[in-house]
Amino acid sequence: MIYIKNLENEEYLSAYKASLEKRNVDPGNLHIVLEKNVARRKALTEMEQKKAYQNKVSEVIGQKKRNKEDASQELSEMQAVSQEIKALEKHAKDAEAELQELLIVLPNKAHDSVPAGKDEAANVVLKTVGEPKTFSFSAKTHDELGQSLKILDFDRAGKVTGARFTFLLGTGARLERALINFMMDTHAQKHGYREAIPPYMVNAQAMYGTGNFPKFKEDVFALENTPYYLIPTAEVPVTNYYNGEILNEEDLPQKFAAFSACFRSEAGSYGKDTKGLIRQHQFHKVELMCFVHPDKSYEEHEKLTNHAEEILKQLELPYRRSLLCAGDMSPNAAKCFDLEVWLPGQSAYREISSCSNFEDYQARRAEIRFRPTGGGKPQYVHTLNGSGLAVGRTLVAVLENYQQEDGSIKIPKALQSYMGVSEIRPS
RNA sequence: GGAGAGAUGGCUGAGCGGUUGAAAGCACCGGUCUUGAAAACCGGCAGCCCUUCGCGGGGCUCGUGAGUUCGAAUCUCACUCUCUCCGCCA
C-alpha cells in the first residue's frame with residue numbers, strides 16, 4: 001500500500017505520477033485520493049475535538065459523583081453530546097473507508113531503474129546463460145514426450161477433474177519429487193534459507209496483505225462454505241507469517257524457502273498454453289521469500305535472484321534474466337526480474353521464476369515492522385520473493401532439453417543422486 | 001459433534017463502570033557504585049492517528065465487531081482463536 005503521507009509531499013507525488021505513467025496506468029483519480037484524504041482528516045479532527053470535550057466533562061462528572069455532589073446538569077448536556085459524537089464517528093469512519101478503498105488499489109511506485117512500457121515487449125534482457133539447445137533430430141514437446149513415456153496423463157486427469165490438470169506417474173512423479181528435494185536442499189543448505197511448508201489455504205486478510213486482493217480475486221479458488229482460499233503461491237502464507245508483528249532489527253533478514261502446491265484459476269487465459277504442463281490449475285513451487293532491512297533490499301534482491309539462477313545452472317538449463325518493464329510487472333512490485341528457461345519444444349524462452357522487490361508495499365498492508373537496534377520507532381521491513389523455481393515448468397525444461405532421439409530422457413547430473421537412475425526410458 | 005475454561009503491553013501477570021494506557025515481576029536501555037563485571041540502588045521503556053517548525057496538545061487501541069452508559073479492560077450480544085475433557089476419525 002502506498003503511504004498516504006508520502007503522496008502529500010510534492011516531490012514524491014510527482015515521482016509517483018511519473019511511475020504510474022511508466023506503468024501505463026491512468027493517474028486520473030489520484031487527485032480524488034488527495035481530496036478524500038483532506039475530507040477524512042477534517043472529519044477526524046471534528047470528531048476528536050468533540051470527544052476531547054466529552055472526556056473532560058466525564059471526568060468532572062466522575063469527580064462530582066465521588067464527592068456526592070449533584071451532576072445532573074452535566075449529565076443531561078452529555079446525553080446530547082454523546083449523540084453528536086455517534087454521528088461524527090460514523091462520518092469519520094466512512095471517510096476513512098472511502099480513502100482506504102482508493103488507496104488499496106494504487107500500484108507500488110516503480111524503482112527508478114525500471115524501464116517504462118506497457119507489456120513484455122518493453123522488457124530488457126539483462127543476460128543470457130547457456131546456448132539454446134539444438135538437436136540433430138526434430139525436438140518433441142514435453143507433453144508428447146511425457147505421454148509416450150507414460151509419465152504424464154492429461155486425459156485421465158481430465159476425466160477425474162477437468163482441463164489443466166495432470167497425473168504425474170512413475171519416473172515422472174519421481175522426477176518431480178527429485179526436483180523439489182534438490183531445490184529445497186540447495187536453498188536450505190547452501191543458501192541459508194529456512195525450510196517451510198505453509199498452509200495451502202489462507203483467509204482473505206492474508207490475501208489483502210500480499211496484495212492479491214482485492215485486485216486479483218478472480219484468479220484464486222475460493223472454497224465454498226468456508227472463508228478460505230487456495231493459495232496461488234506460498235508467497236501469501238509466508239509473507240503473512242509475520243502479519244501484524246514487530247521484529248527485532250538484529251533478526252533481519254529472515255529468509256524462507258517454502259515448498260507448496262499452488263492453485264490458480266487462470267481466468268482470462270482460455271486458449272493459452274492449453275497443452276501440457278505450462279499452465280495448470282495446480283502446480284508445485286519452491287518459493288524464496290525474505291523480510292529484509294530497507295537499506296538492504298536491492299542488494300538482497302540481487303542475491304535472491306542469483307539463488308534462483310543457481311538451480312538453473314546446476315541443472316545446466318539454458319536461460320536468461322530479464323528486467324520487467326513497469327507495465328509488465330505486478331502492481332505490488334517495485335522491481336522485478338524474470339528468469340526464463342529455454343524450451344526446445346516451443347523454441348522459446350518461458351518464464352520459470354519471477355523475483356520481485358516489493359519494498360514496503362506489502363509490509364504496510366500486512367503491518368510487518370522491525371524495531372531498530374538501540375530503540376526508536378518501528379519501521380516497515382521490505383519484502384522480497386521469487387520462485388526458486390516453479391517445479392512443473394522445471395520438469396518441462398528437463399524433459400525438453402534432455403530428450404534423446406529415441407524419446408528417452410537423460411537425467412541432469414545434479415539430479416541423478418535424487419533419482420537413483422540416469423535416464424527415463426519408455427516402460 | 002457434545003461439555004467447559006480462557007484471550008490484557010516484548011514476555012509473565014494484577015485489574016470494584018469514573019486520575020487504569022493500564023499494578024507487579026522479567027527482559028531491555030541509561031545512570032550510580034566497581035579496576036572491570038555481577039549484585040544492589042535510581043531513572044526510562046507500547047503502538048497508531050490528528051495537530052505543531054519544535055516544546056507540546058488531542059484522539060484511539062486491553063482478541064475482533066456491535067451494543068448499554070455522561071463515561072467500558074471492567075456490563076450485554078455476536079464472531080474468531082487457544083486450551084481441557086468426551087465422542088468420531090486419517
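Since this is a predicted model, take the numbers as computed values, not measurements. Every chain is numbered from 1, with letters handed out A, B, ... down the list of sequences.
Remark: U19(B) base-pairs with no nucleotide; criterion is Watson-Crick or G-U wobble with both hydrogen-bond distances under 3.5 Å. Across all strands shown, A5(B) is found opposite U82(B) as a Watson-Crick or G-U wobble partner, with both distances under 3.5 Å. Nucleotide G87(B) forms a pair with no other nucleotide shown, judged by Watson-Crick or G-U wobble geometry with both contacts under 3.5 Å. A 3.5 Å limit on both hydrogen-bonding distances identifies A40(B) as the Watson-Crick or G-U partner of U32(B). In this entry C60(B) has G47(B) as its Watson-Crick or G-U wobble partner, both defining distances falling under 3.5 Å. Using the Watson-Crick or G-U wobble rule with both distances under 3.5 Å, C75(B) pairs with G67(B).
Contact annotation for L75(A): base contact, defined as any heavy-atom pair under 4.0 Å involving a base atom. Using a 4.0 Å heavy-atom criterion, one finds that F370(A) contacts no nucleic acid atom at all. Within 4.0 Å of K5(A), counting heavy atoms only, lie sugar-phosphate atoms of the nucleic acid but no base atom. If you check every strand for non-hydrogen atoms under 4.0 Å, Q79(A) touches sugar and phosphate atoms only.
The nearest whole Å value for the distance from the CG atom in N203(A) to the C1' atom in C79(B) is 14 Å. The CZ-P distance, from R371(A) to C48(B), rounds to 9 Å in whole Å.
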Tabulated below should be each protein N or O lying under 3.5 Å from an N or O of nucleotides 58-65 of chain B; please produce it.
from: G58(B); atom 1: N2; to: E48(A); atom 2: OE1; distance (Å): 3.0
from: G59(B); atom 1: OP1; to: N55(A); atom 2: ND2; distance (Å): 2.9

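For E302(A), the CD atom is densely surrounded, since the number of other residues' heavy atoms within 6.0 Å is greater than 12.
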Table please: side-chain donor-acceptor pairs of residues 25-33 of chain A below 3.5 Å, with sequence neighbours left out.
from: D26(A); atom 1: OD1; to: G28(A); atom 2: N; distance (Å): 3.0
from: H31(A); atom 1: ND1; to: G28(A); atom 2: O; distance (Å): 2.9

Anything under 3.5 Å between a donor and an acceptor, one on a side chain of residues 417-424 of chain A, the other on a protein residue two or more places apart or in another chain? List them.
from: Y418(A); atom 1: OH; to: D185(A); atom 2: OD2; distance (Å): 2.7
from: E423(A); atom 1: OE2; to: R425(A); atom 2: NE; distance (Å): 3.0

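Side chains of Q280(A) and E266(A): no donor on one and acceptor on the other come within 3.5 Å.
The side chain of R41(A) contributes an N or O atom lying less than 4.0 Å from OP1 or OP2 of U51(B). The phosphate of C48(B) (OP1 or OP2) has no side-chain N or O of Y380(A) nearer than 4.0 angstrom. OP1 or OP2 of G71(B) lies within a sub-4.0 Å distance of a side-chain N or O belonging to S82(A).
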